Amino acid sequence: MYCLQCLIPVLLLPKPNNPASQQTHVLFIVLYLIGFFLERKPCPICSLVFLTAVFLVCYSGVGNCLFWGNCEGHICENG
């Protein structure tokens, strides 16, 4: 699980409050992940663990995802 050493901090990066900065943040995260997967080529188990963690963070509650912030432009459900 040495591969996850550089991937776990991506889940802990705080999202900016400014809506203009959110697009830059998402672009940074996407480019970092693409570069990481192309350069380091993590094992399939580490990739699966990371993608499962991203899935659980994104769908555990509104506003928690790395790739989108608030409910603006998305259909949000209460509950």
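For the numbers below, each heavy atom of this structure counts, side chains included, while hydrogens, waters and symmetry mates do not. Since we're looking at a predicted model, the values are computed, not measured. Numbers here simply count residues along the sequence, with the first being 1.
Pairing each heavy atom of His25 with each of Pro14, the nearest pair is CE1-O, 3.6 Å.
With sequence neighbours excluded, the residues that form a ring-ring contact (aromatic ring centres under 6.0 Å, His included) with Phe55 are Tyr59.
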All N/O donor-acceptor pairs, side-chain side in residues 35-48, below 3.5 Å, sequence neighbours left out:
| from | atom 1 | to | atom 2 | distance (Å) |
| --- | --- | --- | --- | --- |
| Lys41 | NZ | Leu38 | O | 3.0 |
| Ser47 | OG | Cys43 | O | 3.1 |

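Counting only heavy atoms from C-beta outward, the side chains of Leu4 and Leu7 approach each other to under 4.5 Å.
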Please test Val26 against Ile29 for side chain to side chain contact (heavy atoms under 4.5 Å, CB included), starting from the C-alpha separation and ending with a verdict.
CA-CA 5 Å; Val26 169; Ile29 296 292; 5.8 Å; no
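Here the straight-line distance linking atom CG of Leu13 with atom CZ of Phe28 works out to 6.5 Å at 0.5 Å rounding.
Residues Ile34 and Phe50 share a hydrophobic cluster, clusters being chains of Ile/Leu/Val/Met/Phe/Trp/Tyr side chains in contact below 4.5 Å.
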